[in-house]
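First the structure, which I've put down as structure tokens, then a few questions once you've had a look.
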Amino acid sequence: MDLIARLRAGLPGEAILTDPDVTGSYAHDMASFCEAGTPAVVVLPRTVEEVQHIMRTATELRIPVVPQGARTGLSGAANASDGCIVLSLVKMDRIIEINPVDRIAVVEPGVINAVLSRAVNEHGLYYPPDPSSWEECSIGGNIGTASGGLCCVKYGVTAEYVLGLDVVLADGRLLTTGRRTAKGVAGYDLTRLFVGSEGSLGIVVRAVLALKPEPPQQLALAAEFPSTAAACQAVCEIMARGHAPSLLELMDRTSIRAVNDMARMGLPDSTEALLLAAFDTPEPAADLAAVGKLCTAAGATEVVPADTAAESDLLLQARRLTLTALERVKSATMIDDVCVPRSRLAEMLDGTAVIAEKYGLTIGVCAHAGDGNTHPTVCFDAADPDESRRARESFDDIMALGLQLGGTITGEHGVGVLKKEWLARELGPVGVELQRGIKDVFDPLGILNPGKLF
């Protein structure tokens with residue numbers, strides 16, 4: 001019995017896609033410079049039992065399986081390999097439970113981040129992880145890449161909200177990890193191991209997520225600086241003084257110019273860096289006033305605090321438009337997500353500017369400044385081989401700079417195909433050996449998302 005016949009034995013017909021024109025559309029995520037193969041079939045299960053059937057079939061036939069969510073990733077982690085089964089989890093999109101007493105939500109992997117966020121808000125609760133693609137990205141994908149977002153500076157990343165998982169292993173067995181309780185330290189933390197594993201250890205089919213009480217509406221301020229160094233000094237002062245902003249974002253000159261060109265926001269041409277801070281505390285105006293003073297002391301030329309939520313949204317609009325604006329600069333972009341210690345943030349931004357000049361490229365940087373997570377965005381013409389080469393080389397230089405400054409090659413986008421050579425440099429030979437050993441325990445045949453991470 002061949003692959004398709006075996007899959008049909010446990011899946012409804014509409015869950016199996018074999019038309020090459022259709023399956024080809026599932027071949028890759030949103031990353032540049034990442035190879036993608038041609039899948040043999042795309043399957044869209046709706047139940048745990050169907051996922052188990054798929055994995056048993058894959059194990060019996062020794063066929064690789066590439067798990068996918070909404071494919072909004074930026075590292076090639078969801079890219080197909082030749083002859084693989086693409087296992088798309090978008091149809092498993094139920095919110096199974098929202099429990100205000102235990103402050104948890106139980107969801108399937110295909111639930112869209114924004115859908116979950118709005119659903120828990122109706123109960124006076126809050127699911128903090130908010131990637132920029134939150135209107136499109138899925139919870140399963142967020143778990144697979146350990147996604148972050150704008151609020152990480154105060155509330156942390158996805159890993160801190162995953163309490164437990166149901167995972168279908170490579171051989172089809174169902175593993176339950178973690179807990180529903182507020183505390184729990186029984187055994188090794190397998191839950192945390194799966195978060196960020198990019199589908200290389202198992203298929204997440206259900207997640208127990210921690211929730212928080214919904215905070216007050218945040219207020220924001222915008223501060224303009226004559227240099228990135230001054231803006232980064234303000235970031236260091238804000239954090240050193242014990243402030244807990246719900247958002248602390250930074251845009252460099254290139255990003256500001258791109259947004260100005262697109263949206264005519266009227267930011268002065270003399271602005272070299274824009275710092276955006278927000279607080280969702282009981283007295284946000286007082287917190288903004290204190291932070292405004294620190295910005296002025298660090299050299300800000302203009303500090304504009306908002307008085308209302310609507311004004312705050314207007315101030316934050318520039319940051320939300322950054323990627324869209326940079327995408328208009330050239331035909332293609334490569335978005336990095338190097339994270340460095342906050343104290344080295346200025347060196348990271350200034351070093352990226354030097355790299356842009358070295359390669360003759362436009363590289364805009366926006367950053368989750370409060371946690372040191374930078375997003376250098378390389379703009380290039382994909383139809384120009386020389387410019388594409390320079391873009392890739394500049395990308396590598398940016399990662400090397402991040403490691404040199406004591407940082408990491410990825411703060412929230414993952415490794416995938418794009419950064420696997422750099423993962424080995426960051427982990428070192430002993431780290432790689434141990435991680436490959438863990439992979440072998442969960443996936444001895446090597447059929448789960450092969451070619452990713454290592």
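The chain is numbered in sequence order, starting from 1.
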Q. When rounded to the nearest 0.5 angstrom, what is the spacing between OG in Ser75 and NZ in Lys420?
A.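 Atom-to-atom, Ser75:OG and Lys420:NZ are 11.5 Å apart.
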Q.
Looking at every heavy atom in both Ser331 and Ala382, which two are closest together, and how far apart are they?
A.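 Scanning both residues completely, I find the closest heavy atoms to be OG-N, 3.0 Å.
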Q: For the residue pair Val115 and Asp93, establish whether any side-chain heavy-atom pair is separated by less than 4.5 Å.
A: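 Result no, sub-4.5 Å side-chain heavy-atom pair not found.
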**Q.** Working for side-chain contact (heavy atoms from CB on, under 4.5 Å), residues Leu275 and Val235
**A.** CA-CA 8 Å; Leu275 186 64; Val235 170; 3.7 Å; yes
Q: With sequence neighbours excluded, tell me which residues meet side-chain hydrogen bond (donor to acceptor under 3.5 Å, both in side chains) with Asp386.
A: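 By the side-chain hydrogen bond (donor to acceptor under 3.5 Å, both in side chains) rule, Asp386 matches Arg389, Arg390.
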Q: For Glu387 and Lys330, run salt bridge (Lys or Arg N to Asp or Glu O under 4.0 Å): C-alpha distance rounded to whole Å, both residues' side-chain angles, the deciding distance at 0.1 Å, then the answer.
A: CA-CA 11 Å; Glu387 194 161 305; Lys330 289 279 187 172; 3.3 Å; yes
Q.
Please report the interatomic distance CG(Leu174) to CZ(Arg206), rounded to the nearest 0.5 Å.
A.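 Going from the CG atom of Leu174 to the CZ atom of Arg206 covers 8.5 Å.
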Q. Is the shortest side-chain N to carboxylate O distance from Asp396 to Arg392 below 4.0 Å?
A.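 Salt bridge flag = yes for Arg392 with Asp396.
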(Q) Pairing donors with acceptors under 3.5 angstrom, does anything connect the side chains of Asp443 and Ser200? (A)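 Per modelled atom types, Asp443 and Ser200 side chains form no pair under 3.5 Å.
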Q.
Once rounded to the nearest 0.5 Å, what's the spacing between atom CG of Leu248 and atom CD1 of Ile238?
A.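 Those atoms lie 5.0 Å apart.
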Q) What salt bridge (charged side-chain N to carboxylate O under 4.0 Å, His left out) pairs are there with at least one residue in residues 39-67, not counting sequence neighbours? A)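 Output for this query lists Arg6-Glu60.
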Can you give the donor-acceptor pairs under 3.5 Å from side chains of residues 139-152 to other protein atoms, not counting sequence neighbours?
| residue | atom | partner | partner atom | Å |
| --- | --- | --- | --- | --- |
| Asn142 | OD1 | Asn113 | ND2 | 3.0 |
| Asn142 | ND2 | Ser138 | O | 3.2 |
| Thr145 | OG1 | Gly141 | O | 3.0 |
| Thr145 | OG1 | Ser147 | OG | 3.1 |

Q: Could you check if a side-chain atom of Leu316 sits within less than 4.5 angstrom of a side-chain atom of Leu247, using non-hydrogen atoms only?
A: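 Yes, at least one pair of side-chain atoms sits under 4.5 Å.
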Q. When you measure from the side chain of Glu426 to the backbone N and O of Leu403, does any donor-acceptor pair fall under 3.5 Å?
A.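 Checking the backbone N and O of Leu403 against the side chain of Glu426, no donor-acceptor pair under 3.5 Å is found.
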Q: Check salt bridge (Lys or Arg N to Asp or Glu O under 4.0 Å) between Arg180 and all other residues, then give those that pass, not counting sequence neighbours.
A: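 With neighbours one apart ignored, the set is Glu97.
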Q. Could you give all pairs that pass the salt bridge (charged side-chain N to carboxylate O under 4.0 Å, His left out) test and reach residues 139-161, with sequence neighbours left out?
A.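 Listed by first then second residue: Lys154-Asp280.
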Q: Carefully, step by step, assess Met239 and Val153 under the rule side-chain contact (heavy atoms from CB on, under 4.5 Å).
A: CA-CA 10 Å; Met239 301 309 292; Val153 60; 4.1 Å; yes
Q: Evaluate whether atom CD of Glu135 has more than 12 neighbouring non-hydrogen atoms of other residues, nucleotides or ligands under 6.0 angstrom away.
A: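 Atom CD in Glu135 is crowded, with more than 12 foreign heavy atoms closer than 6.0 Å.
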Q) Is any side-chain heavy atom of Lys419 closer than 4.5 Å to a side-chain heavy atom of Asp337? A)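 A side-chain contact under 4.5 Å exists here.
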Q: Mind checking the OG1-CG spacing from Thr333 to Leu323? Nearest 0.5 Å is all I need.
A: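 Spacing of OG1 (Thr333) from CG (Leu323) equals 6.0 Å.
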Q: Please check if the side chain of Thr59 supplies one atom and the backbone of Ala170 the other of a donor-acceptor pair under 3.5 Å.
A: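 Yes.
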Q: Identify the heavy atoms of Gly83 and Ala40 that sit nearest to each other, and give their distance.
A: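 Heavy atoms only, the tightest pair is O-CB, 3.6 Å.
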Q) Around Arg253, counting heavy atoms of other residues, nucleotides and ligands shown, do more than 12 lie under 6.0 Å from its CZ? A)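 For Arg253, atom CZ is not crowded (no more than 12 foreign heavy atoms under 6.0 Å).
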**Q.** Residues Ile96, Glu108; criterion side-chain contact (heavy atoms from CB on, under 4.5 Å); working and verdict
**A.** CA-CA 7 Å; Ile96 298 167; Glu108 291 183 329; 4.0 Å; yes
(Q) If the condition is ring pair (Phe, Tyr, Trp, His ring centres under 6.0 Å), which residues does Phe194 pass it with, not counting sequence neighbours? (A)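 Only Phe442 meet the ring pair (Phe, Tyr, Trp, His ring centres under 6.0 Å) criterion with Phe194.
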(Q) For Asp2, is there an ion pair with Arg8 - N to carboxylate O distance below 4.0 angstrom? (A)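 No, Arg8 and Asp2 are not salt-bridged.
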Q: Please report the closest heavy-atom contact between Val86 and Ala80, naming both atoms and the distance.
A: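 Smallest heavy-atom distance, with atoms named: CG2-CB, 4.0 Å.
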(Q) Restricting to ring pair (Phe, Tyr, Trp, His ring centres under 6.0 Å), what partner residues turn up for Tyr126, sequence neighbours left out? (A)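 Ring pair (Phe, Tyr, Trp, His ring centres under 6.0 Å) list for Tyr126, sorted by chain: Tyr155.
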(Q) Apply side-chain contact (heavy atoms from CB on, under 4.5 Å) to residues Val204 and Leu89 and explain how you reach the verdict. (A) CA-CA 9 Å; Val204 172; Leu89 295 154; over 6 Å; no
Q: Determine the minimum heavy-atom distance between Tyr26 and Gln68, stating which atoms define it.
A: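 Shortest heavy-atom separation between Tyr26 and Gln68 comes out as O-NE2, 2.6 Å.
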Q | Exam field: side chain His53 to backbone Leu7, donor-acceptor pair closer than 3.5 Å | A |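 It does hold such a pair.
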Q) Side chains of Leu448 and Leu201: does their closest heavy-atom pair fall under 4.5 Å? A)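 Of all side-chain heavy-atom pairs linking Leu201 with Leu448, none is under 4.5 Å.
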Q: For the residue pair Asp336 and Thr374, establish whether any side-chain heavy-atom pair is separated by less than 4.5 Å.
A: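 Asp336 vs Thr374: side chains apart.
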Q) Can you name the side-chain hydrogen bond (donor to acceptor under 3.5 Å, both in side chains) partners of Asp29, sequence neighbours left out? A)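 Residues passing side-chain hydrogen bond (donor to acceptor under 3.5 Å, both in side chains) with Asp29: none at all.
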Q.
Using every non-hydrogen atom in the two residues, find where Val106 and Val208 come nearest and quote the distance to one decimal.
A.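 Closest approach of Val106 to Val208: CG2-CG2, 4.3 Å.
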(Q) With rounding to the nearest 0.5 angstrom, report the OG1 to CG distance, Thr191 to Leu165. (A)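 If I round to the nearest 0.5 Å, the distance is 5.0 Å.
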Q: Return the set of residues passing side-chain hydrogen bond (donor to acceptor under 3.5 Å, both in side chains) with His368 (not counting sequence neighbours), or none when no residue passes.
A: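 side-chain hydrogen bond (donor to acceptor under 3.5 Å, both in side chains) list for His368, sorted by chain: Glu249, His375, Glu412.
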Q. Going by atom types only, do Glu136 and Thr72 share a side-chain donor-acceptor pair under 3.5 Å?
A.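 Their side chains do not contain a donor-acceptor pair, so the 3.5 Å distance test is not met.
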Q. Do Ser25 side-chain atoms and Asp21 backbone N/O form a donor-acceptor pair below 3.5 Å?
A.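 It does not hold such a pair.
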Donor-acceptor contacts under 3.5 Å from residues 357-367 side chains, at least two apart:
| residue | atom | partner | partner atom | Å |
| --- | --- | --- | --- | --- |
| Lys358 | NZ | Asp397 | OD2 | 3.0 |
| Tyr359 | OH | Asp397 | OD2 | 2.8 |

Q. With a 4.5 Å limit on heavy-atom distance, are the side chains of Val338 and Leu405 in contact?
A.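 Counting from C-beta outward, Val338 and Leu405 never come under 4.5 Å.
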**Q.** Leu423 and Thr410, any side-chain heavy atoms less than 4.5 Å apart
**A.**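 No - every pair of side-chain heavy atoms lies 4.5 Å or more apart.
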Q.
With a sphere of 6.0 Å drawn around CE of Met30, does it hold more than 12 non-hydrogen atoms of other residues, nucleotides or ligands?
A.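 No, CE of Met30 has 12 or fewer neighbouring heavy atoms, counting only those of other groups under 6.0 Å.
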Q: Quick one: list whatever passes ring pair (Phe, Tyr, Trp, His ring centres under 6.0 Å) with Phe33, sequence neighbours left out.
A: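 Testing Phe33 for ring pair (Phe, Tyr, Trp, His ring centres under 6.0 Å), a comparison that skips the adjacent residues, returns Phe380.
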(Q) Quick check: do Lys212 and Pro128 have side-chain heavy atoms less than 4.5 Å from each other? (A)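 They are in contact (side-chain heavy atoms under 4.5 Å apart), so the answer is yes.
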Q.
I'd like to check the side-chain hydrogen bond (donor to acceptor under 3.5 Å, both in side chains) partners of Ser81; sequence neighbours left out, ordered by chain and number.
A.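 In terms of side-chain hydrogen bond (donor to acceptor under 3.5 Å, both in side chains), with neighbours along the sequence ignored, Ser81 is linked to no residue.
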Q: Give a yes or no on whether a salt bridge exists between Asp102 and Arg179, defined as a side-chain N under 4.0 angstrom from a carboxylate O.
A: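 No, this pair does not count.
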Q. Do you know which two heavy atoms are closest between Gly37 and Asp82, and how far apart they sit?
A.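 Looking at all heavy atoms of both residues, the closest pair is CA-OD1, 3.1 Å.
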Q | Spacing of Thr377 atom OG1 and Phe395 atom CZ [to the nearest 0.5 Å] | A |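 If we round to the nearest 0.5 Å, Thr377:OG1 and Phe395:CZ are 9.5 Å apart.
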